Amino acid sequence: MLNRFLHKTRFDSYDDFMNNFEIDVPENFNFGYDVVDAQAAVNPDKTALLWTNEHGEERRFSFADIKHHSDRAASFLASLGIGRGSRVMLMLKRRYQFWFAIIALHKLGATAIPATHLLTAKDIRYRCNKANIEAIIAASEPSIIKNIEEALPGCPTVGHVIMTGKDIPAEWKDFDKGMECAQDWKRPEHVNDNEDISLIYFTSGTSGDPKMVAHDFLYPLGHIITASYWHNLTPESLHLTVADTGWGKAVWGKLYGQWIAGATVFVYDFEKFVAADLLKMIEKHRITSFCAPPTIFRFMIKEDVRSYDLSSLRYCTIAGEALNPSVFEEWYRLTGLKLMEGFGQTETTLTIANFPWIDPKPGSMGKPGPEYDVRILEADGTLLAPGQEGEGEIVILLEGRHRPCGLTRGYLDDAEAMARAFDDGLYHTGDIARVDEDGYLWFVGRTDDVIKSSGYRIGPFEVESAVMSHPAVIECAVTGVPDEVRGQKIKATIVLARDFHDANLRALAKDIQEHVKHLTAPYKYPRVIEFVEELPKTISGKVRHAAIRKAAMNANATKIKVS
């Protein structure tokens with residue numbers, strides 16, 4: 001399938017990859033027809049999706065099955081008036097019906113809006129009104145039903161609620177029965193143009209209302225790099241990305257690039273993450289490729305990893321937040337596998353990564369990929385040349401290049417956000433990085449997270465990595481707090497590992513400080529340490545540094561000052 005979209009599919013080196021990678025963009029590309037149905041025609045019996053849940057249920061779907069079910073879903077949704085340009089929200093968790101629904105929406109030329117099941121009634125109402133959502137397709141669970149019921153009176157554009165599962169309210173439609181009764185589906189003559197909007201994601205943000213990030217129908221082609229040249233997948237691969245379908249990372253690792261590569265997507269449908277259960281899944285199903293955020297790996301390395309047979313694993317990738325070197329080193333010690341970190345945003349596909357030809361440096365995001373002209377914008381407005389050493393904001397140069405497959409079409413109905421992000425031929429990521437002498441990029445922090453203390457610019461991530469390598473620490477966020485002498489002091493807000501809950505906190509704080517002093521420059525150690533039960537996070541699970549900076553001291557937290 002790759003050779004349908006690439007002039008060259010195999011590369012001998014990183015330089016070869018950068019110089020010769022090129023996507024052949026079809027007219028009116030549609031992932032549902034041009035990938036799913038094309039795979040069904042060529043490889044009908046090849047397993048596309050292997051789904052299992054924590055109760056031991058298992059379903060296996062071939063590409064022919066996926067075509068059949070998505071066709072039936074498209075026919076059913078069309079009978080409800082859903083078609084080109086319709087906006088439909090999906091709240092399907094890890095249910096296999098998600099794959100039928102999103103492909104059906106692509107085949108209709110409609111716009112899918114994946115959303116987490118964690119949304120409250122207020123969240124649902126906001127999204128429905130902001131995006132003029134016409135229908136909701138959701139898993140039939142009490143909390144989801146309750147929140148949708150509460151939201152609906154304030155959602156005048158929603159004409160249909162469609163559910164999959166048991167105990168569906170009588171006034172709502174049954175997705176599975178609708179597919180069973182649907183008529184045969186025939187592809188319409190003109191489904192979409194490449195620039196039509198196929199996906200909208202609401203970014204959770206660390207402050208303010210979520211923004212609508214729009215992607216066009218070419219977005220899946222941008223994930224060729226994600227799957228084939230970062231996850232390193234082939235048609236023989238069985239790939240597991242740990243992500244709920246409500247998040248952008250799901251289509252990064254559970255759909256687009258994987259099926260273009262012809263790989264099998266493995267889905268483990270669970271309610272509560274348990275590291276030991278995930279290790280059992282890898283062992284039992286002989287997973288070959290695995291991708292998860294650092295938090296997942298942090299919990300997994302606390303288990304007795306060597307008691308599981310992980311010999312099927314050939315490749316491990318990591319993204320979602322910056323990787324602490326201590327996690328990299330421990331996973332490598334336990335498994336012999338190097339974690340290949342990657343960087344991208346909801347607004348992009350993979351932009352920077354440790355590709356197969358690159359020997360990863362623990363903690364580095366790697367090097368830019370070929371689809372995006374990644375540059376570093378220094379504080380004085382100077383653009384660094386590719387590979388040039390320095391530090392500044394990660395930006396993407398847009399002038400003089402084709403539009404990258406995967407770059408957002410913009411923030412819908414938000415001129416202010418568009419003006420901030422797209423300026424003078426640049427897309428501004430809002431992330432700060434430094435480039436070393438070998439051209440590797442290292443995450444420093446968000447533009448508003450960088451700490452300025454005694455004349456030094458200090459990236460919180462470097463300090464967080466040092467704190468995280470202490471055995472007592474399970475999670476950490478580093479922020480700046482006002483200081484009359486230094487301008488700002490470094491503060492570490494820490495969640496302790498289970499075995500340290502009864503420790504002498506003042507002595508432990510001093511020990512953590514000394515630990516950090518030995519790993520980084522002494523001026524970077526945290527002068528204030530706060531122990532908390534949990535860190536404030538966005539709905540997508542990212543730490544809200546801004547909330548930590550702004551919030552008054554938690555009455556139940558323990559704050560330790562040691563100069």
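This structure is a prediction, so every number in the text was calculated from the model and none was measured.
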Requested in this report: Give the intermediate values and the outcome of side chain to side chain contact (heavy atoms under 4.5 Å, CB included) for residues Leu49 and Thr264.
Outcome: CA-CA 6 Å; Leu49 186 72; Thr264 300; over 6 Å; no

Check ion pair [X]-[Y] (N to O, under 4.0 angstrom):
X	Y	result
Lys93	Asp244	no
Asp209	Lys130	no
Arg409	Asp216	yes
Arg84	Asp193	yes
Arg72	Asp184	yes

Output yes when a side-chain donor or acceptor of [X] lies under 3.5 Å from a complementary backbone atom of [Y], and no otherwise.
X	Y	answer
Thr348	Leu407	no
Ser228	Ile225	no
Lys284	Leu279	no
Trp357	Phe11	yes
Arg87	Ala131	yes
Asp174	Lys177	yes

Any non-hydrogen side-chain atom of [X] less than 4.5 Å from a side-chain atom of [Y]?
X	Y	result
Thr116	Thr245	no
His428	Leu426	yes
Phe270	Met281	no
Ile23	Glu371	yes
Phe175	Ile137	yes
Leu339	Pro360	no
Tyr201	Pro114	yes
Arg127	Leu119	yes

Could you pull out the closest heavy-atom pair between [X] and [Y], with the gap in Å?
X	Y	answer
Ser237	Asn232	OG-O, 4.4 Å
Cys155	Ile124	SG-O, 4.5 Å
Gly253	Thr241	CA-OG1, 3.3 Å
Pro368	Met18	O-SD, 3.3 Å
Ala353	Ile358	O-CD1, 3.9 Å
Ser289	His239	OG-ND1, 2.8 Å

Let me confirm one number: the [atom1]-[atom2] distance from [X] to [Y], rounded to the nearest 0.5 Å.
X	Y	atom1	atom2	value
Asn19	Ser13	CG	OG	8.0 Å
Cys316	Lys338	SG	NZ	13.0 Å
Leu118	Ser143	CG	OG	8.5 Å
Thr111	Ile133	OG1	CD1	10.5 Å
Ser198	Leu105	OG	CG	10.0 Å
Lys211	Thr346	NZ	OG1	9.5 Å

Answer with yes or no whether the side chains of [Y] and [X] bring together a donor and an acceptor at under 3.5 Å.
X	Y	value
Thr52	Glu58	no
Thr234	Glu236	yes
Asp16	Asn20	yes
Gln258	His231	yes
Thr9	Asn3	no
Asn194	Glu27	no
His68	Ser70	no
Tyr411	Glu347	yes

Cation-pi, [Y] ring and [X] (6.0 angstrom, 45 degrees):
X	Y	result
Arg94	Tyr268	no
Arg187	Tyr33	yes
Lys367	Tyr14	yes

Residues, nucleotides or ligands: over 12 heavy atoms within 6.0 Å of [X] [atom1]:
X	atom1	answer
Lys122	NZ	no
Gln183	CD	no
Asp24	CG	yes

Requested in this report: Check step by step if salt bridge (charged side-chain N to carboxylate O under 4.0 Å, His left out) holds for Lys186 and Asp71.
Outcome: CA-CA 8 Å; Lys186 183 180 179 181; Asp71 279 351; over 6 Å; no

**Report entry** Test log, rule side chain to side chain contact (heavy atoms under 4.5 Å, CB included), inputs Leu278 and Met300
**Finding:** CA-CA 8 Å; Leu278 198 57; Met300 289 174 72; 4.1 Å; yes

Would the [X] and [Y] ring centres measure less than 6.0 Å apart?
X	Y	answer
Phe290	Phe297	yes
His285	Phe266	yes
Trp259	Phe63	yes
Phe17	Tyr229	yes
Phe61	Trp51	no

Report summary line: Between Phe5 and the options Tyr256, Phe21, Phe29, the ring-ring contact (aromatic ring centres under 6.0 Å, His included) test singles out Phe29

**Report entry** Full working for side chain to side chain contact (heavy atoms under 4.5 Å, CB included) between Ile282 and Tyr308
**Finding:** CA-CA 9 Å; Ile282 295 172; Tyr308 298 89; over 6 Å; no

Requested in this report: Please test Thr335 against Leu313 for side chain to side chain contact (heavy atoms under 4.5 Å, CB included), starting from the C-alpha separation and ending with a verdict.
Outcome: CA-CA 9 Å; Thr335 67; Leu313 271 181; 5.8 Å; no

**Report entry** Given Thr203, Thr429, Asp431, the one that forms side-chain hydrogen bond (donor to acceptor under 3.5 Å, both in side chains) with Gln345
**Finding:** Asp431

